[in-house]
Number of protein chains: 2
Amino acid sequence: MTRTSLSGVACSIARATDLFGDAWTALIMRDVLVGIRRFDELAEDIGLSRKTLAARLALLVEEGVLTRERYQVTPPREEYVATEKGREFYPVLLALMAWGDKWYAGPAGPPAQIRHDACGHLATPVVACDACRDPLTVADTTQLPGPGGRVGPGTQLLGPLIAARGDGVPAPDTAQNPVRSAPS
Amino acid sequence: MTRTSLSGVACSIARATDLFGDAWTALIMRDVLVGIRRFDELAEDIGLSRKTLAARLALLVEEGVLTRERYQVTPPREEYVATEKGREFYPVLLALMAWGDKWYAGPAGPPAQIRHDACGHLATPVVACDACRDPLTVADTTQLPGPGGRVGPGTQLLGPLIAARGDGVPAPDTAQNPVRSAPS
DNA sequence: ATTTGTAAGTTCCCTTAGGGAACCTGGCGG
DNA sequence: CCGCCAGGTTCCCTAAGGGAACTTACAAAT
C-alpha cells in the first residue's frame, strides 16, 4: 500500500491519522486503556490477525504510545500499557465514541456509557474550548495558520470559508435521520 | 483486506472507526469542512489516488456524512459538502488535532490554530464532561454497560480497572481473569 | 521424562485494497 | 474543430492483511 507516510505534512490531523488512521490501532488503544493488555486477549477481542496485531503493537511501542512490560517473570509474560502520550489519546476516543453513539446507536441506546467519577454524572463527552468551556463547532471556529505552519499541500487554511458555508446555510435541506439502525 | 466490517460490533468506537479508520477518510473530512470540496482539489491536497478518493467519497455519501452537489450547472461541476452528521464530526477532528499538536508539534509550534469565534480566544480543544465541563481523562472516568449494550467481542466493559491502573499506579496485581461481564 | 498447556509471537501462502498513470466523458471557449 | 478543464474509470502491479500452522520458553500434570 506504500503507506505514503503523511509525517511530512504539516497538519496535526495528518500526523495523528498517520498513526491512528488504521482502524485497528484505535481499537487497540481503546482495549489497552480499558484493561485488555495481553496479546492473545487483544487478538481475540478485536478480531484481527495475530500478525497484524504484532505489527501494530510494535508501531505503537515505537511511537511511545504504549510500552511493552513484563508483568510476570516466569514464565515470561508481557503486557502492553499506555504511556502518558497513550493515555492522553483517550479523550479522542471518547469524542469519537460520542459521535458514534449519536449517529449509530440503535433504538436501544448506546452500547456503553461513560461515568465521570469526578462529578458523578453519566457524561456525554463534548469537545470544548479550553478558555470558555463552550462546545466547539465547525460554525464558530476559524482555522488560523500556526507558528509551526509550513503551509503546504495538506494545510490550506481557509478559515473564513467555514463560517460562510459550513453551517448556517446548509444546502437544500440535507438533514438526515440521526438514528440509523440498519448498517449495511 | 476483507474489511472485516466492524459494524456488528457493539462498541461505538468500532462503528466510527469502521468509517473513519481509514487515514484518508479523516483527512477528506478535514478538507471538506475547511473548504476544500472539489474532487481534484481533494486529490491533490491530500495526495491520495483519484481511484481511492472516488471510493471514499462514495462511501461517505452513502453513509450520509457528505452529499454530492452540483454547484454549477454549465458545465456541470460537483462538490462535496458535509451534512449535519458530517459537521458534527469536526469536534472529533479537533480533539485529534489537539493530541497531534501536543505530541508532534515541532519546536516552532503547531501548524495551525483554532480561534473560537464565540469567545475570541485561541482554543486548545479539550474533551469535557457535558455536565460539569471538566476535562475527561482515563483516570477519572469509568465505562459502564449502556442500554444498547450487546456486550460481545469488542466491548469488554472493565471500567473499574481503569481507575486502578490507568494512571500512576503501575500494576496492582496480575488480574488473570478480569471483570469480564458475561455476555447476554 | 515425556506430554500437555499457555502466552506471545513468526512464518507461509493467498487474496485484495490501493498507488500510478493513462484513458474516458461532457461541455464549453476560442 | 481543437484543446482543456473537472470529475471520474480502467488497467496493471505491489504489498498489506487474513488464516492457520509453526516456534519458543516455561510450568504443571501424567
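We name chains A, B, ... by the order of the sequence lines, and we start the count at 1 in each one. Worth saying up front: this structure is predicted, and the values here are computed from it rather than measured.
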Please write out each protein N/O paired with an N/O of nucleotides 7-13 of chain D under 3.5 Å, distance rounded to 0.1 Å.
from, atom 1, to, atom 2, distance (Å)
dG7(D), OP1, E78(B), N, 3.1
dG7(D), OP1, E78(B), O, 2.6
dG7(D), N7, R50(B), NH2, 2.9
dG8(D), OP1, R68(B), NE, 3.0
dG8(D), OP1, R68(B), NH2, 2.6
dG8(D), OP2, Y80(B), OH, 2.9
dG8(D), N7, R50(B), NE, 3.1
dG8(D), N7, R50(B), NH2, 2.6
dG8(D), O6, R50(B), NE, 3.4

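- Put simply, CD1 on I46(B) is 17 Å from C1' on dG20(C), counting in whole angstrom units.
- With sequence neighbours excluded, no residue forms a side chain to side chain donor-acceptor pair (under 3.5 Å) with K51(B).
- Under the 4.0 Å criterion applied to side-chain N and carboxylate O atoms, R115(A) and D140(B) are not assigned as salt-bridge partners.
- Here the P atom of nucleotide dA17(C) and the CH2 atom of W24(B) are 17 Å apart, to the nearest Å.
- Remark: R70(A) engages E78(A) in a salt bridge, criterion side-chain N to carboxylate O under 4.0 Å.
- Residues A43(A) and L53(A) share a closest heavy-atom pair of N-CD2, 3.5 Å.
- D101(A) and R15(B) are not joined by a salt bridge, as no carboxylate oxygen comes within less than 4.0 angstrom of a charged side-chain nitrogen.
- OP1 and OP2 of dG17(D) both lie 4.0 Å or more from every side-chain N or O belonging to S49(A).
- Taking only side-chain nitrogens and oxygens, T52(B) never comes nearer than 4.0 Å to OP1 or OP2 of dA17(C).
- Put simply, CD1 on I36(A) is 13 Å from P on dA8(C), counting in whole angstrom units.
- As a whole-Å value, the separation of I28(A) CD1 from dG9(C) P is 12 Å.
- Using a 30° and 60° split on the angle between ring planes, W99(A) and F89(B) fall in the perpendicular class, above 60°.
- Summarising the geometry, the separation between CZ on R56(A) and P on dT10(C) is reported as 14 Å, rounded to the nearest angstrom.
- The CG atom of L53(A) sits 13 Å away from the C1' atom of dA7(C) (whole-angstrom rounding).
- Between the CD atom of Q72(A) and the C1' atom of dT6(C) there is a distance of 10 Å, given to the nearest Å.
- dA16(D) atom P lies 16 Å from atom CG of L48(A), rounded to whole Å.
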